[in-house]
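Only one structure is covered here, and it is reproduced in the block below.
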Amino acid sequence: MGRIVLNNVTKSFGETQVIPPLDLTIEDGEFAVFVGPSGCGKSTLLRMIAGLEDLTSGDIEIDGENVTETPPSKRGLAMVFQSYALYPHMSVRKNIGFPLRMEGLDQAEIDKKVEAAAQSLNLMDYLDRKPAALSGGQRQRVAIGRAIVRNPSAFLFDEPLSNLDAALRVGMRLEISEMHERMKTTMIYVTHDQVEAMTMADKIVVLQAGVIEQVGSPLELYHKPRNVFVAGFIGSPKMNIFSGPAAEALGAHTVGIRPEHTDVSMTEGTWKGTVGVAEHLGSDTFIHVHDTGLADMVTVRISGDISVKHGDTIYLTPQADQLHKFDAQGMRVE
Amino acid sequence: MSDRKLPRLLQTPAVLLLLVWMLVPLGMTLYFSFIRYVLNNLRRPEWTSPSLSNWRGFGNYEFVLNSKDFVLAIQNSLFIVVSILFLTVILGVLIAVLINKAFPGQGIVRVLLISPFFVMPAVNAVLWINMILDPVLGLQGIAVNGINDVLDNLRTMPVLGGFFSLWPEFEPISFRATQTSAIAVIMMVTWQWTPFAVLIFMTSLQSEDQQQKEAAVLDGASVWSQFRFLTLPHLGRPIAIVVMIQAIFHLSLYAEIEIVSRGNGNKNLPYLIGEFANNNIGAASATGIFAVILANIVAIFLLRMVGKTLME
Ligand SMILES: Nc1ncnc2c1ncn2[C@@H]1O[C@H](COP(=O)(O)OP(=O)(O)OP(=O)(O)O)[C@@H](O)[C@H]1O
Ligand SMILES: [Mg+2]
């Protein structure tokens, strides 16, 4: 069980309000991802749910019970920190067993649970090492192990993979997703990595300056961004967004088109421009086009390889059914 | 010149200086400890200048071992050093943890806490023994008198007076006496050196990882468990440093002992050396060698102990 409800929650540090009144519901078993630019309050929100940060006003319910005044350890939540926060003087075994020891379980039971967790995380060979003697990925696994043994009603992750290298990230991302499939426990995951958000989430919460811009499934956010901010934030490479005469010609104040929804031709098309940098990835080609009169730079993404070089003239045509239109307030219009 | 020779050559003066610095005094002490060498002897004037012809073998060592104060001096040295270490580490940790939290007036409190460290040892001893511990004129005497006065008044009360008349009169303690002078030394040195421990522990506490603490809070650790399982192990190394440095300093305490009781019933090894050195340099040197050995034993023993209990 682990249904988390935030009612009218706010947070101020001194005079500055970091989180204006905010409502959010995370269903039991859901994998929710908080994304947003740096400093938008993702960590603060997560720490408020964990109980590490007091609320300025509003309240938090877990499984229908108001836990606003409940101390962190009694909320039944487990948290994995970006810096791992392992206890440096304890072996891996003791680190993982620490929450159980604090609960006052007897040693035999602690050993059993620690070994089960270590088994599932491939840590059996490292149980007697100190954290300092582990690699980043192994440390992260220990931190996850320490969360798992508590059998929490929800896991909270604060950018758990950002200290790992690219290859390890992909691996751990899959492991965490698999763990979620297997355990069906609620998870809240903070990241600023697009790919992590899109691949792992059941539900993405996009934040800006403490305000929820949109809540929805990854594909909902991709296909129907509610406003210009979400449109520009979700998707990589970024959506091309422009206003002015070209947008008015399409019947909207602001128009957005994703790089992958633009067709190119060397001879004819809606917009004309010159090729700046072309990035050849093998599977895809990203072309940065200048002098289109839309925006400083328009990015297009073409599947496969195409031979264009710097300075070539190129024509772009948006796929009409993939255009995103926004009004003067930046809100989506259908 | 090859790559390695030049750096070696450049290091040589420093290394030589250090060697001379350490080896010459130690060598001379060893030499004097094996010969008869006194400052004043009318019957045997040849003993008054150091010479190999006055060779005495282990005679000085035997003389020291058999002298009536030697065992007392060793016991006292250990008792004083270990007590001071124990008290300063415990008080240091407690105070450091207490003032590590932000509170108004923190800056002033910290400066005040450090200030005993800037008092000269001899001044410290004079202040304590005369103004605080003196049974008549010191704070102690005044306090004991005050309590006794209050008790006298209580005894005259109608009903409860009977109960209070069962209480004895309090006697002020003389800290210059044989049994208590070591205690006085321990008190005054602890007062002076606790700030040193606080300073070192405070710096270390500030480098403690706050996320570890938060993780422990989520794991259900009480304040005591956080202290026991996170803070104390984190302080392991600074505690070892404080213990080592203080052990070295306090094995050579002298001024406090001289001022409190002139060594009366409360000698330590340095004080014994000082007494011998009034005339018998040979015996003083032999005692010095014993002091070196004792210092090494204490250092090894303490390091082991600190390492075992805290760095598990
Ligand atoms: N203890 C604090 N005191 C004052 N302001 C704070 C405190 N903690 C956070 N803030 C402010 O609150 C805002 C949100 O911080 P938060 O750490 O939640 O951002 P974030 O979204 O997690 O950013 P990042 O992606 O960089 O981790 C920031 O503007 C930050 O400066
Ligand atoms: Mg953050």
Side-chain angles (χ1 to χ4, degrees), chain A residues 43 46-53 70-91 93-105 110 128 130-132 139 142-160 163, chain B residues 89-90 92-94 96-97 100-104 106 197 200-244 302-312:
Chain A
S43 300
L46 196 71
R47 293 164 54 82
M48 283 156 74
I49 296 173
L52 295 172
E53 209 80 72
T70 312
S73 60
K74 299 276 188 297
R75 296 189 182 190
L77 307 175
M79 185 154 170
V80 176
F81 294 84
Q82 179 177 3
S83 67
Y84 316 135
L86 300 180
Y87 310 128
H89 306 276
M90 298 180 203
S91 63
R93 185 188 298 278
K94 291 214 167 137
N95 260 287
I96 298 179
F98 189 73
L100 304 176
R101 192 167 162 199
M102 290 301 107
E103 250 173 63
L105 263 56
I110 294 179
D128 293 311
K130 294 271 170 72
R139 283 180 209 181
V142 176
I144 293 176
R146 194 173 62 186
I148 289 180
V149 289
R150 293 184 52 200
N151 203 7
S153 58
F155 288 94
L156 312 178
F157 295 91
D158 192 354
E159 305 199 21
N163 286 348
Chain B
V89 167
I90 289 183
V93 169
L94 289 182
V97 168
N100 191 40
K101 299 246 161 63
F103 59 90
Q106 193 177 30
I200 300 230
F201 298 155
M202 220 164 61
T203 355
S204 172
L205 283 180
Q206 268 157 23
S207 70
E208 208 183 357
D209 185 314
Q210 287 312 305
Q211 286 207 334
Q212 280 170 28
K213 285 256 164 103
E214 290 180 346
V217 168
L218 281 171
D219 282 347
S222 61
V223 174
W224 164 251
S225 297
Q226 288 174 48
F227 174 76
R228 167 69 189 82
F229 295 112
L230 295 181
T231 306
L232 212 49
H234 179 77
L235 287 176
R237 217 161 288 173
I239 288 177
I241 290 170
V242 165
V243 164
M244 277 302 291
L302 285 176
L303 267 193
R304 283 271 165 80
M305 207 176 69
V306 170
K308 275 232 179 73
T309 50
L310 295 174
M311 295 186 187
E312 51 150 353

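In the text below, chain A, chain B and the rest are named by the order of the sequence lines, each starting its count at 1. Just so you know, these numbers come straight off a predicted model, no measurement behind them.
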Within this structure, what is the [atom1]-[atom2] distance for the pair [X] and [Y], rounded to the nearest 0.5 Å?
{"X": "A:Leu77", "Y": "B:Leu218", "atom1": "CG", "atom2": "CG", "result": "7.5 Å"}
{"X": "B:Gln211", "Y": "A:Asp158", "atom1": "CD", "atom2": "CG", "result": "7.5 Å"}
{"X": "A:Tyr87", "Y": "B:Gln226", "atom1": "OH", "atom2": "CD", "result": "8.5 Å"}

For chain B, the option from A:Met102, A:Gln82, A:Lys74 that forms the most heavy-atom pairs under 4.5 Å:
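Of A:Met102, A:Gln82, A:Lys74, A:Met102 has the most heavy-atom pairs under 4.5 Å with chain B.
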
Among A:Ala147, A:Ala50, A:Pro88, residue most engaged with chain B (heavy-atom pairs, under 4.5 Å):
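So the answer, after comparing A:Ala147, A:Ala50, A:Pro88, is A:Pro88.
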
Side chain, backbone, both or neither of A:Arg75 within contact of chain B (heavy atoms, under 4.5 Å):
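A:Arg75 has no heavy atom closer than 4.5 Å to chain B.
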
Counting only heavy atoms closer than 4.5 Å, note whether A:Leu100 contacts chain B via side chain, backbone, both or neither.
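It is neither, since no heavy atom gets under 4.5 Å.
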
Is any side-chain heavy atom of B:Asp209 closer than 4.5 Å to a side-chain heavy atom of A:Phe81?
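No, side chains not in contact.
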
Could you check A:Met79, A:Glu103, A:Arg150 and say which one makes a side chain to side chain contact (heavy atoms under 4.5 Å, CB included) with B:Asp219?
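So, applying the side chain to side chain contact (heavy atoms under 4.5 Å, CB included) to B:Asp219 and each of A:Met79, A:Glu103, A:Arg150, only A:Arg150 qualifies.
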
Taking all non-hydrogen atoms of both residues, which atom of A:Ser73 and which atom of B:Gly220 are closest, and how far apart?
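Distance-wise, the nearest heavy atoms are CB-CA, 3.3 Å.
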
